[in-house]
Amino acid sequence: MKIQEVLQEKVTEAINAIYGITLPSVEFQPTRKDFEGDVTVVVFPMLRHVKGNPVQIGEQVGAYLVKELDIVTSFNVVKGFLNLVISDAFYLSFFNKIQNDTAFGLVAPSDDAILVEYSSPNTNKPLHLGHIRNNLLGYSVAEILKASGKKVYKTQIINDRGIHICKSMLAWQRFGNGETPENTGLKGDKLVGNYYVAFDKAYKEEVAKLVDDGVEKKQAEKEAPILLEAQQMLLKWEAGDADVVALWKKMNGWVYKGFDTTYKNLGVDFDSYLYESDTYLLGKDVVADGIKNGVFYKKEDGSVWIDLTDEGLDEKIVLRSDGTAVYMTQDIGTAIQRVKDHSDINGMVYTVGNEQDYHFRVLFLILKKLGFTWADKLFHLSYGMVDLPSGKMKSREGTVVDADDLMEQMTQTAGSISEELGKLENYSEEEKQSLYKMIGLGALKYYILKVDPKKRILFNPEESVDFQGNTGPFIQYTYARIQSILRKAKDTNVVWENETTVVALHPKEKELIKQLEVFPDTIQLAAENYSPAVIANFTYDLVREFNSLYQQVSILGETDEDKKALRVQLSYKVGEVIKTAFRLLGISVPERM
RNA sequence: GGUGGCAUAGCUCAGCUGGAUAGAGCACCUGCCUUCUAAGCAGGCGGUCCUAGGUUCGAAUCCUAGUGCCAUCACCA
């Protein structure tokens with residue numbers, strides 16, 4: 001049984017015995033470092049039920065607990081706080097229980113399934129830093145949900161059709177001279193992205209020329225020939241024009257290959273994909289039914305709307321006057337399709353930036369009004385933008401931090417730091433490169449995931465991501481250090497796999513076990529809040545606690561064999577927890593660094 | 001203008017959903033490598049928790065109003 005449950009029961013019992021009153025609940029918190037004790041009972045909330053002086057109540061309850069419970073060895077009362085000292089025996093017994101539990105903290109997957117959507121890029125340009133945050137968040141939340149006991153499907157919907165890809169296609173036709181990823185050596189998504197930029201340049205030139213000729217700017221922006229041509233191309237695509245479709249397939253193929261490389265480097269994956277070209281017509285039937293049910297209504301021009309003013313929102317269009325689908329139509333269809341495809345799911349998570357908060361509020365509300373009971377189980381995992389000091393990133397203007405470049409740069413930085421420290425004499429060049437990548441990406445991922453998803457991130461490319469302090473490499477370093485201890489322990493035949501027989505703990509050892517103890521709750525908390533940051537902060541605290549122990553006491557130099565074994569055991573367990581926690585963040589840990 | 005989000009040390013962030021003297025990292029300053037990896041440890045400096053009210057034993061946390069920044073309110077996706 002957990003310590004809080006035991007204490008809860010006994011504190012209630014104590015109050016009942018002394019005052020004859022049954023408390024509905026008892027409030028606990030970890031004792032602050034400046035006071036003696038491990039667990040603190042907050043007496044103040046009891047005053048609502050028990051009349052008396054908080055200090056006196058604390059004293060009485062404390063005395064009762066010490067008498068009745070072996071695990072409470074002593075207590076002190078400060079104001080309304082009853083600080084309890086918990087026996088070493090309790091922590092030792094807890095540690096004995098978990099030390100060989102390879103699934104410590106994890107809950108076995110149940111039938112409670114959930115679908116997590118993330119990434120979902122457009123196919124006309126390469127992935128950038130904004131996508132990195134999306135991917136890391138979505139992947140990590142999926143892993144955390146899995147660890148918390150859910151069955152998880154990772155998926156994404158690829159926006160492979162629309163005017164944006166037509167722009168790249170048109171520019172490539174016009175200026176491309178037959179360039180391909182093969183004959184240029186460029187990554188496919190980069191090549192296609194270049195033509196998206198080329199389109200924008202040509203378009204702006206045409207607009208400027210029209211304006212020079214006396215056309216109104218707004219008019220010119222609508223009438224630039226190259227834009228009209230791109231719109232024509234989209235119509236042809238929708239009509240199934242063979243040439244256009246062939247070009248579309250070819251260029252999307254290049255992009256997918258490029259994306260695959262980026263995803264692989266980033267270490268994210270998916271269980272299934274949906275393509276907008278397959279789903280963009282879904283939802284139209286639903287809209288038709290919705291009109292019959294009176295959920296939607298048709299305007300004179302034929303466009304279809306929903307009135308959400310009663311819910312404090314606006315009117316929203318769900319079908320154009322020409323009968324074509326809008327974004328919302330497609331999302332309605334996609335949601336329904338997903339429920340059909342995964343009959344076991346009990347919820348969906350959409351990892352999409354907070355600029356679309358309104359869209360998802362409307363989407364969920366529409367689905368609810370349409371009578372889908374699962375609409376209540378949808379969650380928009382909304383996250384803040386990644387901005388540069390110069391402002392927002394814009395692909396068309398080339399002010400983006402490219403995902404591949406950033407990963408490469410992080411890897412190089414990790415490499416130069418490593419070289420400088422020079423701890424890897426007997427590593428091959430290949431091993432070194434893979435380690436640098438692990439560290440560089442660890443720094444990047446941790447940097448992004450440690451902040452609350454809701455918050456905006458300001459990314460300054462000039463000031464490189466740190467490798468010291470509260471960072472990924474710091475935690476990886478601690479893991480590597482532990483592995484070094486374990487290797488040496490093995491070499492010197494330290495036996496540490498058995499239950500410990502030590503009876504008294506060093507204060508630092510106790511602190512470390514206390515931190516290990518909260519790991520399972522931390523995973524649940526992270527899952528409830530869809531927040532990898534919770535895991536990151538926990539891991540950082542654990543590592544700091546370990547490093548403090550490491551500097552203060554000798555592990556392998558300990559002369560008492562039992563104590564030495566316990567410290568090795570503890571090191572091992574801390575290493576395992578770091579590894580598990582980092583796996584939930586999508587970060588690998590090295591044997592050496 | 002309406003709606004939503006955010007505001008904590010010079011900078012980047014925590015703060016367990018109302019508890020004790022608000023915590024870390026970076027930066028700056030002191031110490032600690034002939035002993036398990038110094039990407040580390042120990043310490044110092046640094047705060048009007050945006051402002052003003054309110055709720056209560058108790059507020060960075062909850063409520064109200066205001067200020068600032070961001071997003072959003074399209075027959076774009």
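None of these values were measured; they are calculated from a predicted model. Reminder, nothing fancy here: chain letters follow the sequence lines and each chain counts from 1.
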B/S/- along nucleotides 2-7 of chain B (protein heavy atoms under 4.0 Å) is -S--SS
Any N or O donor-acceptor pair linking the side chain of A:S418 to the base of B:A39 at under 3.5 Å?
-> yes
Test of ring centre spacing under 6.0 Å for A:H164 and A:Y196 = no
Distance, P atom - from B:U48 to B:U37, rounded to whole angstrom | 44 Å
Think A:R592 forms a cation-pi with A:Y427, using NZ or CZ under 6.0 Å from the six-ring centre and within 45 degrees of its axis?
-> no
Inter-nucleotide C1' distance (B:A38, B:C6), Å rounded = 38 Å
Pick base, sugar-phosphate or nothing for A:M385, based on heavy-atom distances below 4.0 Å to the nucleic acid.
-> nothing
Over 60° means perpendicular and under 30° means parallel, so classify the ring planes of A:F199 and A:Y203, tilted if in between.
-> parallel
Salt-bridge contact A:R161-A:E276 (side-chain N to carboxylate O under 4.0 Å) | yes
Dot-bracket notation for RNA chain B is requested: 5' to 3', Watson-Crick or G-U wobble pairs only, both distances under 3.5 Å, with ( ), [ ], | and . as defined.
-> (((((((..((((.....[...)))).(((((.......))))).....(((((..]....))))))))))))....
Do any of residues 521-539 of chain A sit with a heavy atom less than 4.0 Å from RNA chain B, and if so which?
-> A:N529, A:N537
Is A:P54 touching bases, backbone alone, or none of the nucleic acid, heavy atoms closer than 4.0 Å?
-> nothing
Using the test side-chain contact (heavy atoms from CB on, under 4.5 Å), find all partners of A:P45 that sit at least two apart in sequence or belong to another chain.
-> A:E27, A:V42
Among B:A39, B:U12, B:A20, the nucleotide that comes nearest once only the side chain of A:L421 is considered = B:A39
Syn or anti for B:U17 (syn when the glycosidic angle lies within 90° of 0) = syn
Do we see A:F474 stacking on the base of B:A39, given a limit of 5.5 Å between centres and 30° between planes?
-> no
B:A9 versus B:C50 - spacing of their P atoms, nearest Å = 8 Å
Separation between the P atoms of B:U51 and B:C29, rounded to whole Å | 31 Å
Between B:G19 and A:T40, is there an OP1 or OP2 to side-chain N/O distance shorter than 4.0 Å?
-> no
Hey, does the side chain of A:R320 come within less than 4.0 Å of B:C76's phosphate (OP1/OP2), counting only N and O?
-> yes
Within the structure shown, what part of the strands sits under 4.0 Å from A:Q356 by heavy-atom distance: base, sugar-phosphate, or nothing?
-> base
Proximity to the side chain of A:E355 - top-ranked nucleotide from B:A39, B:U72, B:U37 | B:U72
Listed nucleotide nearest any side-chain atom of A:R481, set B:A77, B:G19, B:G40 = B:G40
Between A:F467 and A:S303, the residue closer to the 5' end of RNA chain B by nearest nucleotide is A:F467
Sugar-phosphate only, base, or nothing, as touched by A:D452 at under 4.0 Å among non-hydrogen atoms = sugar-phosphate
For nucleotides 30-35 of chain B, list the nitrogen or oxygen atoms of the protein found under 3.5 Å from its nitrogen or oxygen atoms, one pair per line.
none

Measure the acute angle between the ring planes of A:Y447 and A:F459, then classify it against the limits of 30° and 60° as parallel, tilted or perpendicular.
-> perpendicular
Quick one: sort the A:F582 and A:Y446 rings into parallel, tilted or perpendicular, breaks at 30° and 60°.
-> tilted
Report the C-alpha distance between A:T478 and A:N547 in whole Å, list the side-chain angles of each, state the deciding distance to 0.1 Å, and finish with yes or no for side chain to side chain donor-acceptor pair (under 3.5 Å).
-> CA-CA 7 Å; A:T478 303; A:N547 280 328; 3.2 Å; yes
Which whole number of Å gives the distance between the P atom of B:U21 and that of B:G25?
-> 22 Å
Give A:T478 one of three labels, base, sugar-phosphate or nothing, depending on what nucleic acid heavy atoms sit under 4.0 Å from its own.
-> nothing
Measure from the side chain of A:S484, starting at C-beta and using heavy atoms only, and say which of B:A77, B:U37, B:A20 lies closest.
-> B:U37
Is it the case that A:K316 places NZ or CZ above or below the six-membered ring of A:W305, under 6.0 angstrom from the centre and within 45 degrees of the axis?
-> no
Among B:G58, B:G40, B:A77, the nucleotide that comes nearest once only the side chain of A:R48 is considered | B:G58
Would you say the side chain of A:M328 lies within less than 4.5 Å of the side chain of A:I366, judging by non-hydrogen atoms?
-> yes
From the candidates B:A77, B:A39, B:C36, the one with an atom nearest any side-chain atom of A:K488 is B:C36
Any donor-acceptor N/O pair, A:R133 side chain to A:P453 backbone, under 3.5 Å = yes
Select one nucleotide: of B:G19, B:C36, B:A77, the one nearest the side-chain heavy atoms of A:R161.
-> B:A77
State, without any angle test, whether A:N252 and A:Y275 hold a side-chain donor-acceptor pair at a distance under 3.5 Å.
-> no
Can you label the angle between the A:F519 ring and the A:F538 ring as parallel, tilted or perpendicular, going by 30° and 60°?
-> parallel
Can you find a side-chain donor-acceptor pair between A:Q8 and A:Q4 that sits under 3.5 Å?
-> no
Give a yes or no on this: more than 12 heavy atoms of other residues, nucleotides or ligands lie within 6.0 Å of atom CD of A:E355.
-> yes
N/O (side chain, A:Y327) to phosphate O (OP1/OP2, B:A74) under 4.0 Å = no
Would a line drawn from the ring center of A:F81 to the ring center of A:F35 be shorter than 6.0 Å?
-> no
Under 6.0 Å between ring centres, would you say that holds for A:Y530 and A:F379?
-> yes
Base versus backbone protein contacts along nucleotides 21-29 of chain B [heavy-atom cut-off under 4.0 Å; B, S, -] = S-SSSS---
